[in-house]
Amino acid sequence: MGVYEELVARGLIAQVTDEEEIRELVNSGKAVFYIGFDPTADSLHVGHFMALCLMKRLQMAGNKPIALIGGGTAMIGDPSGRTDMRQMMTKETINHNVECFKKQMGRFIDFSEDKALLVNNADWLLDLNYVELLREVGSQFSVNNMLRAECYKQRMEKGLSFLEFNYMIMQSYDFYALFQKYGCNMQFGGDDQWSNMLGGTELIRRKLGKDAYAMTINLLLNSEGKKMGKTQSGAVWLSAEKTSPYEFYQYWRNVDDSDVVKCLKMLTFLPLDEIEQLSKLEGSEINKAKEILAYELTNLIHGKEEADKAQEAARALFGNKKDTNNMPSTTLTQDDLTDGTISILDLMKKCSLIPSNGEGRRLIQQGGVSVDDEKVTDVYESISVDAFEKGYVIIKKGKKVYHKAILE
RNA sequence: GGGAGAAUUCCCGAGUGGCCAAAGGGGGCAGACUGUAAAUCUGUUGCAUCUUGCUUCGGUGGUUCGAAUCCACCUUCUCCCA
């Protein structure tokens with residue numbers, strides 16, 4: 001089975017321009033492909049992870065990936081799939097984000113010995129001359145066609161600025177530039193990028209008379225059709241500072257039953273037949289598959305050590321064991337106590353478990369808080385030094401959130 | 001350039017002088033049931049020294065005993081005509 005077939009089997013491929021050609025190129029390791037990343041935040045998140053996986057898979061098959069960071073296009077903002085205009089970003093923020101992306105990608109993709117490239121489209125986009133660009137590239141685009149593209153259609157209702165309208169042209173120009181510079185003959189991206197990507201292949205065909213290909217991967221949607229990797233507190237990030245390995249592990253440990261197999265296929269490097277076995281699990285047995293999913297992914301992103309820790313912590317907490325070593329924790333000092341006690345509300349605020357006292361009261365009134373396995377019934381309860389005799393107390397919020405408060 | 005309309009809490013969306021911290025839905029959180037799942041049911045969802053007080057309905061001023069609601073100006077957006 002070639003890489004291409006594997007990608008199909010894993011349900012990654014959404015649309016392709018020319019299946020035969022792409023299969024041939026990819027399977028024989030002759031593809032030089034690029035994937036674009038918009039540096040809209042200072043860390044990659046789960047949404048980018050699939051793209052990284054894809055890059056790695058193809059790299060392992062001998063193809064050469066180019067990670068294109070959209071330092072230039074970020075100045076414009078992709079209107080695809082958005083109903084509102086993107087917040088404009090300053091050059092400084094963008095540059096900072098570009099640096100962060102570089103670091104994170106380096107851990108995942110092998111950039112040594114020219115096996116992969118990392119480029120920033122700001123390098124060529126920012127120097128473009130408006131009139132020249134219009135003559136050279138603008139003449140090749142039909143506004144009629146562009147407006148027909150799905151990504152703009154939706155925006156036609158709400159309004160689309162000329163700035164955003166140009167995103168497709170910029171992205172097409174990227175492909176054109178990479179084709180000439182590095183012989184990049186293929187572009188991959190999320191399925192929402194399809195029309196932008198076609199713009200690129202079209203431009204290359206018209207300007208150079210050469211063929212280039214595009215392929216989109218399915219977006220990672222849960223069974224409700226929403227993008228995965230979002231929580232109420234924002235995205236699930238790949239950097240340990242923004243989403244701790246434990247939280248990361250828990251996110252995957254808690255996915256819906258119906259999404260487990262899909263996630264295993266699309267995100268992990270487990271062999272397909274192994275996943276096939278896991279997909280046969282039923283009822284509470286599915287938890288095994290979830291555990292594997294969570295472990296595999298944490299391992300990929302944060303390394304074995306962190307994955308082990310997260311798994312141990314989870315098993316300990318949910319399995320009634322005493323091990324509290326790897327639990328998220330907050331360290332308090334004597335100064336946080338007055339007269340040797342601290343109120344439960346203050347304690348929880350210190351641990352960032354609650355944003356306000358009101359929230360804390362509510363939780364307690366509804367019976368959602370316990371300290372060292374004892375349910376807190378009084379809003380005004382205080383915890384004295386004695387409770388910290390062993391050096392810490394365990395606060396449990398709701399069913400799943402555990403936190404260790406350590407007293408120094 | 002001319003005309004019409006809109007901006008409400010995390011989101012959608014009601015409210016058009018006092019009964020408004022603001023209906024309803026979504027989402028979130030908690031409880032019950034469970035498998036750290038889903039579905040369902042219940043409670044809850046601005047802040048605080050919480051039977052009371054304080055701050056919020058795009059912004060700034062004004063009218064009024066009292067304004068999310070009325071007036072003026074500003075900002076942003078949408079629609080129609082050019």
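A note on names: the letters A, B, ... follow the listed sequences, proteins ahead of strands, and every chain is numbered from 1.
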Query raised in the report: For B:U34, does the glycosidic angle fall within 90° of 0 (syn) or outside that (anti)?
Result: anti
What integer number of Å spans the [atom1] atoms of [N] and [M]?
N     : M     : atom1 : answer
B:G3  : B:A67 : P     : 32 Å
B:G1  : B:G62 : C1'   : 31 Å
B:C47 : B:A38 : P     : 26 Å
B:A48 : B:G13 : P     : 29 Å
B:U56 : B:U51 : P     : 23 Å
B:G5  : B:G53 : P     : 40 Å
B:C12 : B:A7  : C1'   : 14 Å
B:G17 : B:A82 : P     : 38 Å

Using a heavy-atom cut-off of under 4.0 Å over every strand shown, decide if [X] touches base, sugar-phosphate, or nothing.
X      : result
A:Y380 : sugar-phosphate
A:V369 : nothing
A:R253 : base

Side-chain ion pair, [X] and [Y], N-O less than 4.0 Å:
X      : Y      : value
A:E132 : A:R135 : no
A:E291 : A:K288 : no
A:D42  : A:K242 : yes
A:R23  : A:E5   : yes
A:K390 : A:D372 : yes

State which of [options] makes the closest approach to the side chain of [X].
X      : options             : answer
A:S284 : B:A37, B:G35, B:C29 : B:G35
A:L363 : B:C33, B:A37, B:C29 : B:C29
A:N357 : B:A37, B:A30, B:C50 : B:C50
A:K399 : B:A48, B:U34, B:G35 : B:U34

Report summary line: RNA chain B nearest-nucleotide lookup for A:Y249 and A:G368: closer to the 5′ end is A:G368
Report task. Between A:D257 and A:G367, just flag the one whose closest nucleotide in RNA chain B comes earlier from the 5' side. Result ->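 Upstream on the strand: A:G367.
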[X] side chain near [N] phosphate (N/O to OP1/OP2, under 4.0 Å):
X      : N     : answer
A:S356 : B:A48 : yes
A:R362 : B:G28 : no
A:K400 : B:A37 : yes

Determine which nucleotide pairs with [N], using a 3.5 Å limit on both distances of a Watson-Crick or G-U wobble pair.
N     : value
B:C41 : B:G31
B:G53 : B:C47
B:U60 : B:A72
B:C65 : B:G18
B:C77 : B:G5

Query raised in the report: Under 6.0 Å from the six-membered ring centre of A:F108 and within 45° of its axis: does the NZ or CZ of A:K56 meet both?
Result: yes
Query raised in the report: When only distance counts, do a donor and an acceptor, one from the side chain of A:Q366 and one from the base of B:G43, lie under 3.5 Å apart?
Result: yes
Report task. Check if the side chain of A:Q250 and the base of B:U36 share a donor-acceptor pair of N or O atoms closer than 3.5 Å. Result -> yes
Output the rounded distance in Å from [atom1] ([X]) to [atom2] ([N]).
X      : N     : atom1 : atom2 : answer
A:L345 : B:C50 : CG    : P     : 11 Å
A:E285 : B:U34 : CD    : P     : 18 Å
A:K262 : B:A37 : NZ    : C1'   : 15 Å
A:L281 : B:A37 : CG    : P     : 17 Å
A:I354 : B:A30 : CD1   : C1'   : 13 Å
A:N287 : B:A38 : CG    : P     : 11 Å
A:E312 : B:U36 : CD    : P     : 19 Å
A:E359 : B:C47 : CD    : P     : 7 Å

Contacts table for residues 348-362 of chain A: side-chain donor-acceptor under 3.5 angstrom, sequence neighbours left out:
unit_1, atom_1, unit_2, atom_2, d
A:K349, NZ, A:N357, OD1, 3.0
A:S356, OG, A:E359, N, 3.2
A:E359, OE1, A:R362, NH1, 3.3

Query raised in the report: Aromatic rings A:H48 and A:F37: how do their planes relate, parallel, tilted or perpendicular, breaks at 30° and 60°?
Result: tilted
